[in-house]
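Data block below; observations after.
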Amino acid sequence: MMGSQPERFKSKFRGILDIPREERFVSGHRLCAGCPVGTVMRMLTKVAGKDSIIVNGTGCLEVSSTPYPYTSWMNPWIHVAFENTGAVASGVEAALKVLKAKGVLGKDVKVVAVAGDGGTFDIGLQSLSGMLERGHKVMYVLYDNEAYMNTGIQRSGATPWGAWTTTTPVGKKWKGEWRWKKDIMGIVLAHRVPYAATASPSHPMDMIRKFEKALYYTREGPTFVHVLIPCTTGWRFDPALSIKVARLAVETGIWVLYEVEKGKFRVTHKVRKRKPVREYLKLQGRFRHLTDDDIEYIQKIVDEEVDRINKMAGEEVIGPVEA
Amino acid sequence: MAARGEVRARPKPMSTNSAVAAAVKDLDVDVVSAYPITPQTTVVEKIAEYIANGELEAEMIHVESEHSALSAALAAAATGARAFTATASQGLALMHEILHIVSGLRVPLVMSIAMRALSAPISIWNDHSDLMNARDSGWVIYFVHTAQEAYDTILQAYRVAEDPEVLLPVMVAYDGFVMSHTVEPVVTVGRENALSYAPKRPFPYKLDPDNPVTMGTLAGPEWYYEFKYQQVQAMAKALEKAREADREFERRFGRGYGVMECFMCEGAEALVMATSSYATTLKAILPEMWRQGFKVGLLRLRLYRPFPIREFTEYTSNASSLVVVDRSISFGAPYQGPLASEVASVKVKEGLDFNLVSVVAGIGQRKMEEEDFKALVRLAWEARSRKYPETIFYGVRE
Ligand SMILES: Cc1ncc(C[n+]2csc(CCOP(=O)(O)OP(=O)(O)O)c2C)c(N)n1
């Protein structure tokens, strides 16, 4: 399935039971009930293991997980600011590299950067680009809840068309966000990174293997995992439904699970028959104001995107919408 | 004075920028992260050369901005490396957010500043607007007045910054162009001596998987204040440690500066307070002024943060007047020279009795020649018996 890689990456994680029991992102944090980013960090740190330094940009995750004098992080963890996650990760990596070369540090330590969509698509794009371009051996995890959630649901470059946010409100003239989500994966891939992937908490094994693979490929350079994080508060849905919303994003083809490994594109989770986007949209208050025409418009754009994906894959990996 | 160990005594011609780079090399800095800006750039070019030639084993991070330069340097120091960066003007302004984070995280780091004016209008020339804009960011700040002192002070800076009782970042500032690009004889001490004087003391709370820390947390109203107060205490400690670092430097290498210098103060009735290259020029003209009967001394501010009140009080005790020369403007302030404002506060705090004159000069490197410095000396003399309540904007066309 993975094509013919010369030195093939082999996953340690065949099933749920292979995930380490040891907790490295622990309870007691202040994330909203139902926020999947805690779950994702739990999995990420289990995969990364003890010998990893976490760099976290400002945002919900950072403030919720480190209310002094408490912390949820069992790994060494640093937060500096909002727009510099890439630069901070670069500095950590460069220090590890030189300290190892000079014999001060005796072992391999990995660097994992974590930042939100605002901190990645927008204000942190420059520092991310610098980190990618210079080839620092860092795995960068983008947790994308599609708005500036920490400051109260303002739109970001990741906010999808039609979404209500506090800075794209629904009124007489405005009907929510009117621009499409920025193609951050395209931007990252333009830096020719050895590995980049999309993931969703609804498909944990797929996500875990991508974290593992992304860490593996840091031996060659920077890697990137873009994780969709449905936000119960900002997207306006019942906190019990986060994983369901994430799954619907995949099942409707709005969120395609893929990876680009050494330039080779592969959809990691095929969807034989797609659900209509309406099923995803209707669960979320941020899309409540959309008319049938609006929903049809979104469906059309998603259909086109699915076409593009299928062309790239060279086969129908995402099927048609179920009637 | 006999120095311990082998000190290469033969001076080499160096610009202040080169002297800074030589210090970075001798201190075996591990990570250098910097972005080009005139007039700082040749510091980083020289360091790049050292690394390229294998004279310094370091990682150079070719960052895409000063904001990232300081962020990466901070991160490297937080990981246990000895880190360095350098900047000026717009670059220092762009770092502003991170300046406060470095000091707040108590990460020891040294940065050189080739001081330059701030836009707008854009000016690549020298004044102190950039440095003054950063003075309240919690960094220890030195002004240096020769290339030799720049080299020596970078060594002292690491010793102070990395002291476990201090743990504060340090800026070493000097005049752009006037010093950064002019050549003077400089004696270097070599790596062995440099490292023996300032041995590497990595950040004690570094990012270490075997001893994990959470660094850069959220602190609510019940905690934040204590974090900041600890910085206040660290600053007080830095003053002691800076004095000690200079004494020890003098003992080892035969060159000492004090945290504040008073030049030709013996018997002086009036003083001019100046920093960096203005102090150097004043040193050159004062002997002649004394011969003409102007018994005026130079008070050279070297350590600026923390402010050496004790030395200041001692040196000004016999002066009837003090002209404070500022190289930047605090627009709309009671005294529009920021140093003059501070001196006014020390005057009140310590109950000092001299006539204070605030002079702003050399903005955007407006020409200041020997005659102009002599005019400042005469002004100080005049001010013994005359008050100048308003800031004097010397050399401006109205
Ligand atoms: C320079 C700067 N600008 C603005 C802010 C305010 N701010 C803090 S977090 C945040 C939003 C973070 O959004 P995102 O990266 O999407 O993460 P999320 O909070 O949604 O998890 C903003 C705007 C800041 N901390 N720093």
Side-chain angles (χ1 to χ4, degrees), chain A residues 24 30 48-56 58 62-99 101-102 104-105 107-111 123-124 126-131 133-134 136, chain B residues 28-33 35 51 57-83 85 95 97-98 100-102 104-105 107 109 200 202-203 205-220 222-224 226-227:
Chain A
R24 308 204 64 83
R30 270 80 154 153
K50 169 178 161 285
D51 289 337
S52 299
I53 293 171
I54 315 285
V55 176
N56 197 171
T58 311
E62 165 267 323
V63 298
S64 306
S65 61
T66 64
Y68 187 85
Y70 305 106
T71 182
S72 287
W73 301 89
M74 298 294 105
N75 281 60
W77 179 96
I78 183 169
H79 158 252
V80 177
F82 185 25
E83 65 280 55
N84 61 359
T85 310
V88 174
S90 299
V92 172
E93 185 257 10
L96 292 171
K97 188 173 167 193
V98 69
L99 292 177
K102 288 183 168 181
V104 179
L105 181 71
K107 63 175 165 191
D108 275 322
V109 177
K110 293 199 183 312
V111 186
I123 199 167
Q126 171 182 313
S127 114
L128 170 67
S129 174
M131 181 197 102
E133 170 266 322
R134 293 187 300 268
H136 293 277
Chain B
D28 190 36
V29 166
D30 302 305
V31 175
V32 178
S33 161
Y35 194 79
I51 301 173
E57 186 180 0
E59 275 295 306
M60 178 166 273
I61 311 179
H62 298 99
V63 282
E64 75 301 327
S65 75
E66 287 88 354
H67 193 281
S68 286
L70 190 57
S71 301
L74 180 170
T79 310
R82 182 171 263 185
T85 187
M95 285 179 179
E97 181 196 26
I98 308 303
H100 292 260
I101 301 178
V102 182
L105 291 179
V107 170
L109 186 66
K200 286 189 182 178
F203 189 44
Y205 313 104
K206 66 171 188 277
L207 298 164
D208 173 8
D210 294 323
N211 191 12
V213 289
T214 289
M215 197 187 302
T217 62
L218 175 78
E222 66 280 22
W223 289 106
Y224 181 86
E226 281 69 31
F227 277 93

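Chain letters run A, B, ... following the sequence lines, proteins first and then strands; every chain starts at 1. All values below come from the heavy atoms of this structure, side chains included, with hydrogens, waters and symmetry mates left out.
Chain B forms the most heavy-atom pairs under 4.5 Å with one residue out of A:V55, A:L99, A:V104, and that residue is A:L99. For chain B, the option among A:P67, A:P76, A:A87, A:S129 with the highest count of heavy-atom pairs below 4.5 Å is A:P76. Of the residues considered (A:M131, A:E133, A:E83), A:E83 shows the highest number of contacts with chain B, using heavy-atom pairs under 4.5 Å. Between chain B and the options A:H136, A:K102, A:K50, A:K107, heavy-atom pairs under 4.5 Å are most frequent for A:K102.
A:N84 places no side-chain N or O within 3.5 Å of a backbone atom of B:S68 that could act as its donor or acceptor partner. With B:T85 contributing its side chain and B:S33 its backbone, the two residues share a donor-acceptor pair below 3.5 Å. A side-chain donor-acceptor contact under 3.5 Å links B:K200 to the backbone of B:D28. Side-chain N or O atoms of A:T58 include one that pairs as donor or acceptor with a backbone N or O of A:A81 at under 3.5 Å.
With a 4.5 Å cut-off on non-hydrogen atoms, B:I98 touches chain A through its side chain but not through its backbone. In this structure, chain B has a heavy atom under 4.5 Å from the backbone of A:N75, while its side chain stays farther away. Using a 4.5 Å cut-off between heavy atoms, B:L207 touches chain A through backbone and side chain atoms alike. With a threshold of 4.5 angstrom between heavy atoms, B:A73 does not approach chain A through any atom at all. Contacts between B:F227 and chain A at a heavy-atom distance below 4.5 Å involve the side chain alone, from C-beta outward. If you measure heavy-atom distances from A:V92 to chain B, the contacts under 4.5 Å come from both the backbone and the side chain. At a 4.5 Å heavy-atom cutoff, B:E222 makes no contact with chain A through either its backbone or its side chain. The parts of B:V63 that come within reach of chain A are both its backbone and its side chain, each placing non-hydrogen atoms under 4.5 angstrom from that chain. In this structure, chain A has a heavy atom under 4.5 Å from the backbone of B:D208, while its side chain stays farther away. Neither the backbone nor the side chain of A:A89 comes within less than 4.5 Å of any heavy atom of chain B. For A:I53, the part lying under 4.5 angstrom from a heavy atom of chain B is the side chain only.
In plain terms, the two heavy atoms of B:A58 and A:V98 that are nearest each other are CA-CG2, 4.1 Å. Nearest approach of A:V63 to B:L218, heavy atoms of both residues: O-CD2, 3.7 Å.
Atom CG of A:D51 is surrounded by more than 12 heavy atoms from other residues, nucleotides or ligands within 6.0 Å.
Taking B:T217 as the reference, nothing meets the side-chain hydrogen bond (donor to acceptor under 3.5 Å, both in side chains) condition, with sequence neighbours excluded.
For the salt bridge (charged side-chain N to carboxylate O under 4.0 Å, His left out) condition, the pairs that include at least one residue of residues 88-98 of chain A, sequence neighbours left out, are A:K97-B:E59.
For the residue pair A:W73 and A:T66, no side-chain donor N or O sits within less than 3.5 Å of a side-chain acceptor on the partner.
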